[in-house]
Amino acid sequence: MPIIALIIIGAAAGFIATRMMKLETDVLTTVAIGVFGALIGGFALRFLITITGWLAGFVGAVLGALVLIWLWKTYVSRPK
């Protein structure tokens with residue numbers, strides 16, 4: 001079933017992409033453009049989501065560390 005869905009989605013994506021780029025192709029080429037474009041786009045999006053996830057984790061870690069330092073300075077480390 002996934003291969004059939006890939007072909008149907010690829011055909012639709014290829015059709016839209018070839019019309020947007022004003023490219024006249026036959027049905028097989030249109031489907032191939034859509035399927036391979038979906039593969040390339042899928043890998044690119046997964047890469048960007050992974051990088052974004054790492055960056056969000058880093059920002060979260062820095063913010064957590066800042067809160068921890070503030071709590072430490074406010075409640076634990078009292079001036080003498």
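This is a predicted model, so every value here is computed, not measured. Side chains included, hydrogens not; waters and symmetry mates left out as well; all remaining heavy atoms used.
In terms of hydrophobic clustering, with Ile, Leu, Val, Met, Phe, Trp and Tyr side chains grouped at heavy-atom distances under 4.5 Å, Ile7 and Ile4 are assigned to a common cluster. The hydrophobic cluster containing Leu66 also contains Phe58, counting ILVMFWY residues as joined when their side-chain heavy atoms lie under 4.5 angstrom apart, directly or transitively. Residues Ile40 and Ile49 do not share a hydrophobic cluster, defined by chaining ILVMFWY side chains whose heavy atoms lie under 4.5 Å apart. Linking ILVMFWY residues whenever their side-chain heavy atoms come closer than 4.5 Å, directly or via other members, places Val27 and Val35 in the same cluster. The hydrophobic clustering, which links ILVMFWY residues whose side-chain heavy atoms are closer than 4.5 Å, places Tyr75 and Leu68 apart.
Distance check: Ile33 CD1 to Leu28 CG gives 10.0 Å after rounding to the nearest 0.5 Å. Taking CD1 from Ile3 and CD1 from Ile8, the interatomic distance works out to 11.0 Å, rounded to the nearest 0.5 Å. Summarising the geometry, atom CG belonging to Leu55 is positioned 12.5 Å from atom OG1 belonging to Thr50; distances are rounded to the nearest 0.5 Å.
Judged by distance alone, the side chain of Thr29 and the main-chain N or O of Thr25 form no donor-acceptor pair under 3.5 Å. Formation of a donor-acceptor pair under 3.5 Å by the Thr74 side chain with backbone atoms of Leu71 is not found in this model.
Arg19 and Leu23 get closest at one heavy-atom pair: NH1-O, 3.5 Å.
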